[in-house]
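Report on the following structure.
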Amino acid sequence: MSELPWWKTSVVYQIYPRSFCDTNGDGVGDLAGIRRHLDHLEWLGVDAVWLSPFYRSPMADFGYDISDYCEVDPLFGTLADFDALVEDAHDRGIRIIVDWVPNHTSDQHPWFVASRSGRDNPKRDWYLWRDPAPGGGPPNNWVAAFTGGPAWTYDEATGQYYLHSFLPEQPDLNWANPEVVEAMHDVLRFWLDRGVDGFRVDVVHLIGKDPDLPDDPEEYLPIPHSGLNHRPETHELLRGIRRLLDSYPGDRMMVGEVYLLDTTMVATYYGSGDELHLAFNFPPLYTPWDAERWRSQIEIVSRELDPIGAWPTWVLSNHDNKRHRTRYGGSEARARAAAVLLLGLRGTPFLYAGEELGLEDAVVPTDRVVDPGGRDGCRAPIPWEPAPPHGWAGADPWLPWPPEPGTRNVVSQREDPASILHLYRRLLAARRRSPALREGDLSLIDAPPGVLAWRRVHQSGDERVLIVNFSADRVTMPRTGLSGLVEVASDGSGEGAPFTGEVGPDQALLIDPRASAS
Ligand code: GLC
């Protein structure tokens, strides 16, 4: 069997707890709701779950503003609920990764409350306080994400500004202060001791900062806080965090949200195997449904990561971006082909809850908008059952339902073997069966325009071929001796039959080239 660490061979499923399932009738998903649906995850065949924040929070950024890192917000349940969830997940062989938000706390966190209370407070230097610029105004030109305004807020009482890369309710921690490093390491220890298998590290590229906090160059300003990141300090801090993880038994891992839209930069966060285990690489997520553009992304990833032995990740949807089905124009055929793409590439795939149902973003009327970052649509609640309240506890959920909840729900799709949900399940099962798919090398092969085809080969001799037709035309693959059986087809057609050489519009195929009809 495989000798690779679990995080290389796993499929990870992201849960945004507010939106997964509500069991107590407050309209917000909770930990008990996640526990209730572990059977869905096991049936689907995912190996690990990443939980977005469920910690105590005033919810200015729906949990990414944390006021107590070591407590569950009452909205989501209790620490006992968390322990029960981890235990049940582990019993089913599902690992649990939790979100760790090291760059900033809530402005209600006791650390910040103390820091703000006076210039002489021992925690003053835990955050980034600066005097106004010489002529008055913010200390530099940095722009905050979501608001587009200054990344600095003035504190009348103490006459200084504090830095917040995001909302004013999310002050940035000062990682140059060793006490902050130690306190945040303690947070990791707390969750590691509770048995988590790893962390998704929020905006990790931001933690190291240029001590001079220089102005951002003009060209960076439209991309919030891009000029101040990608600092050597961050790499040093990551090595310290990695040493901490490595001191625990059982292969604990961290996947970093390196929100730098440049794969060459992203690659550096793997260090020499002594920083992040995995890094999100977002340029593919922002790549449109286009064969040539995707070919180039695949080539870039392999060019940048292979030589340094870094293992890629692939993600099409998450809680910060429009769902990919919506981005790709709403066609379910495309969403199906995209599933084959995502699960056929070399690296660790991350699914976002609901993509296995082919969900689209909800249409959120203006009077129901709640997110300052405009991300409500992709955070719509997951429908479990055909009839309202769709398996939720009754109250109107905190966001409107995504389109077609009456059919696009777990119960209806489980009953329908032709559903996209069953496609995801067949793809995950195919990955489990095939070392080539899980860990094999990848090489692109000849394909007509508008089509992407590649081969995955494992040293054991196991092999698979994948073909994704991004175009609206039926195409014929070049006669290169490619034969074998169709193992999975995005539209379900011809599975188990010999590959004919033809691929339909927006169709994708997984082929076992060594199999033959019996
Ligand atoms: C990350 C999270 C996003 C959050 C931000 C600030 O980008 O994914 O949801 O708003 O960091 O924590």
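Start at 1 and go down the list; that is how both ligands and their atoms are numbered.
- Within the listing of ligand 1, atoms 2 (C), 8 (O) sit less than 4.0 angstrom from a heavy atom of Arg200.
- Donor-acceptor pairing under 3.5 Å is recorded for the side chains of Asp99 and Tyr64.
- Salt-bridge check for Arg243 with Asp246: failed, with every basic side-chain N at 4.0 Å or more from each acidic carboxylate O.
- The aromatic rings of Trp294 and Trp314 sit tilted, their planes meeting at an angle between 30° and 60°.
- Heavy-atom proximity to Arg379, at under 4.0 Å, picks out these atoms of ligand 1: 9 (O).
- Atom numbering of ligand 1 starts at 1 in the shown order; those under 4.0 Å from a heavy atom of Asp61 are 4 (C), 5 (C), 6 (C), 10 (O), 12 (O).
- Using a 30° and 60° split on the angle between ring planes, Phe82 and Trp191 fall in the perpendicular class, above 60°.
- The protein atom (non-hydrogen) at minimum distance from atom 8 (O) of ligand 1 is Asp320 OD2, 2.4 Å.
- Atoms of ligand 1 found under 4.0 Å from any heavy atom of His104 (numbered from 1 in listed order, with element): 6 (C), 12 (O).
- When Glu356, Glu360, Glu332, Glu355 are each tested for a salt bridge (Lys or Arg N to Asp or Glu O under 4.0 Å) with Arg408, only one passes: Glu332.
- Counting heavy atoms under 4.0 Å from ligand 1, residue Tyr259 does not touch it at all.
- Using the six-membered ring where Trp is involved, Phe62 and Trp398 have ring planes that are tilted, between 30° and 60° apart.
- Here is the list of ligand 1 atoms found below 4.0 Å of a heavy atom in Phe146: 10 (O).
- Listed by number with element, the atoms of ligand 1 under 4.0 Å from a non-hydrogen atom of Arg375 are 3 (C), 4 (C), 9 (O), 10 (O).
- Ion pairing of Asp61 with Arg375 is present here, as a side-chain N (NZ or NE/NH1/NH2) and a carboxylate O approach within less than 4.0 Å.
- Closest protein heavy atom to atom 1 (C) of ligand 1: Asp202 OD1, 2.8 Å.
- The shell of residues lying under 4.0 angstrom from ligand 1, judged by heavy atoms, excludes Phe62.
- For atom 7 (O) of ligand 1, the closest heavy atom belonging to the protein is Glu257 OE2, 2.8 Å.
- Remark: Lys322 NZ is loosely packed, at most 12 non-hydrogen atoms of other residues, nucleotides or ligands lying under 6.0 Å away.
- Among all non-hydrogen protein atoms, the one lying nearest atom 5 (C) of ligand 1 is Phe166 CE2, 3.8 Å.
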